[in-house]
J.: 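So that we are looking at the same thing, I have put the structure below in structure tokens.
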Amino acid sequence: MAEVDTSRNFETFVRRWLKPAAFVIALAPFAWWGYRALNGQLGANPIEATTRYFGDWALRFLLIALAVTPVRLLTKWNGIARLRRMLGLFAFFYVALHVMSYVGLDLFFDLRLLVQEIVKRRYITVGMFALVILVALAATSTDAMTRRLGGRRWRRLHSLVYPAAIAGVFHYYMMVRAGFIEPLTYGLILAALFAIRMIKKA
Ligand code: HEM
């Protein structure tokens, strides 16, 4: 009986405190960008700074969302799984802002130019590959879609988050001309998360 009470209290803690706190923390980078934009603190090239800033946070949130299962497997704290969908949707939110700032502010919604960029610049092609996957995952993230697809098909589809994250890291690696340390660090973190998942599930 005491065990049931403890797990119910914990559920309440996750629902009432942990999720709202994670939501506010995940919005903080957006709020910080808004503050700097309003105060003219985005530097000499605010459009490039905006695209890069949201690109960085998109990749960070992809890795944070991907870290949920390894953390659950290592700590046996199952409650953390309740944050996974929200964190994944925040990754999508920042990817959407990243792409919107590029397509809207940089290319002025010139879709013909966008197609040319996708064909001409390999790192944009790779970014688009990741984007298409993330759109499909966000669109099927609701409970109704999970039921419609069925657990197995849904899980198979959502395992595509790994190719999307690999493409995200690669996209970053391909666009930098110097300073490969950051994309390589993201790549190593991604590899470590995947390895923990594989080892712990084996
Ligand atoms: C999962 C999808 C994506 C992720 C995670 C991602 C992430 C990133 C990251 C981390 C950077 C480097 C930021 C920095 O230098 O600090 C970047 C740069 C860039 N990304 Fe993406 N990206 C994605 C998709 C896309 C797509 C679909 C496009 C275009 C349609 C795009 C366009 C760009 C551009 C143009 C830059 C260079 C910005 C500049 O130097 O002005 N990205 N992206």
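Bear in mind that the values here come from a model prediction, so they are computed numbers and not experimental data. First listed ligand is number 1; within each ligand, the first listed atom is number 1.
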J.: Take Phe93 and Phe61 through the ring-ring contact (aromatic ring centres under 6.0 Å, His included) test and state the conclusion after the steps.
T.: CA-CA 9 Å; Phe93 172 67; Phe61 271 98; 9.0 Å; no
J.: Identify, for atom 2 (C) of ligand 1, the protein heavy atom at the shortest distance, and state residue, atom and that distance.
T.: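 The protein heavy atom lying closest is Ala130 CB, 3.7 Å.
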J.: Could you identify the single nearest non-hydrogen protein atom to atom 41 (O) of ligand 1 and state the distance to 0.1 Å?
T.: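 The closest one turns out to be Glu48 CG, 3.0 Å.
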J.: Can you pull out the closest protein heavy atom to atom 30 (C) of ligand 1? Residue, atom name and distance to 0.1 Å, please.
T.: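 Residue, atom and distance for the closest contact: Met128 SD, 3.7 Å.
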J.: Apply ring-ring contact (aromatic ring centres under 6.0 Å, His included) to Phe109 and list each qualifying residue two or more places apart in sequence or on a separate chain.
T.: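 Listed in chain order: nothing, the list is empty.
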J.: Who's closest to atom 5 (C) of ligand 1 heavy-atom-wise, of Val176, Leu59, Leu114, Leu107?
T.: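 The residue whose heavy atom sits nearest atom 5 (C) of ligand 1 is Leu59.
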J.: What is the number of protein N, O or S atoms that sit under 2.8 Å away from atom 21 (Fe) of ligand 1?
T.: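 Protein N, O or S neighbours of atom 21 (Fe) of ligand 1 under 2.8 Å, waters not counted, come to 2.
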J.: Are His158 and Thr140 close enough, and set up right, to give a side chain to side chain donor-acceptor pair (under 3.5 Å), and what steps lead you there?
T.: CA-CA 9 Å; His158 279 250; Thr140 54; 2.9 Å; yes
J.: The criterion is ring-ring contact (aromatic ring centres under 6.0 Å, His included); which residues satisfy it with His98, sequence neighbours excluded?
T.: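 Residues passing ring-ring contact (aromatic ring centres under 6.0 Å, His included) with His98: none at all.
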J.: Quick test: of every protein heavy atom, which one is nearest to atom 14 (C) of ligand 1, and how far off is it to 0.1 Å?
T.: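 Checking every protein heavy atom, the shortest distance to atom 14 (C) of ligand 1 gives Asp56 OD1, 3.5 Å.
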J.: Quick check on the 6.0 Å ring-centre criterion: do Tyr35 and Trp32 meet it?
T.: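 Yes - the distance between ring centres of Tyr35 and Trp32 falls below the 6.0 Å cut-off.
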J.: Numbering the atoms of ligand 1 from 1, which are under 4.0 Å from a heavy atom of Leu134?
T.: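 Those qualifying, in numeric order: 1 (C).
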J.: Will you find, in the side chains of Tyr53 and Arg36, an N or O donor that is under 3.5 Å from an N or O acceptor?
T.: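 No, Arg36 and Tyr53 have no side-chain donor paired with an acceptor closer than 3.5 Å.
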J.: Using distance alone, with no hydrogens and no angle criterion, decide if Ser101 and Thr50 have a side-chain donor and acceptor under 3.5 Å apart.
T.: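 There is no such pair (donor and acceptor under 3.5 Å, judged by atom type) between the side chains of Ser101 and Thr50.
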J.: Starting from atom 39 (C) of ligand 1, which protein heavy atom do you reach first, and at what distance in Å?
T.: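 Sorting protein heavy atoms by distance from atom 39 (C) of ligand 1 puts Arg52 NE, 3.3 Å first.
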J.: Yes or no on side chain to side chain donor-acceptor pair (under 3.5 Å) for Tyr94 and Arg60, after CA distance, side-chain angles and deciding distance?
T.: CA-CA 9 Å; Tyr94 285 108; Arg60 285 172 197 154; over 6 Å; no
J.: Output all residues satisfying salt bridge (Lys or Arg N to Asp or Glu O under 4.0 Å) with Arg121, sequence neighbours left out; order by chain, then residue number.
T.: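 So Arg121 forms a salt bridge (Lys or Arg N to Asp or Glu O under 4.0 Å) with Glu117.
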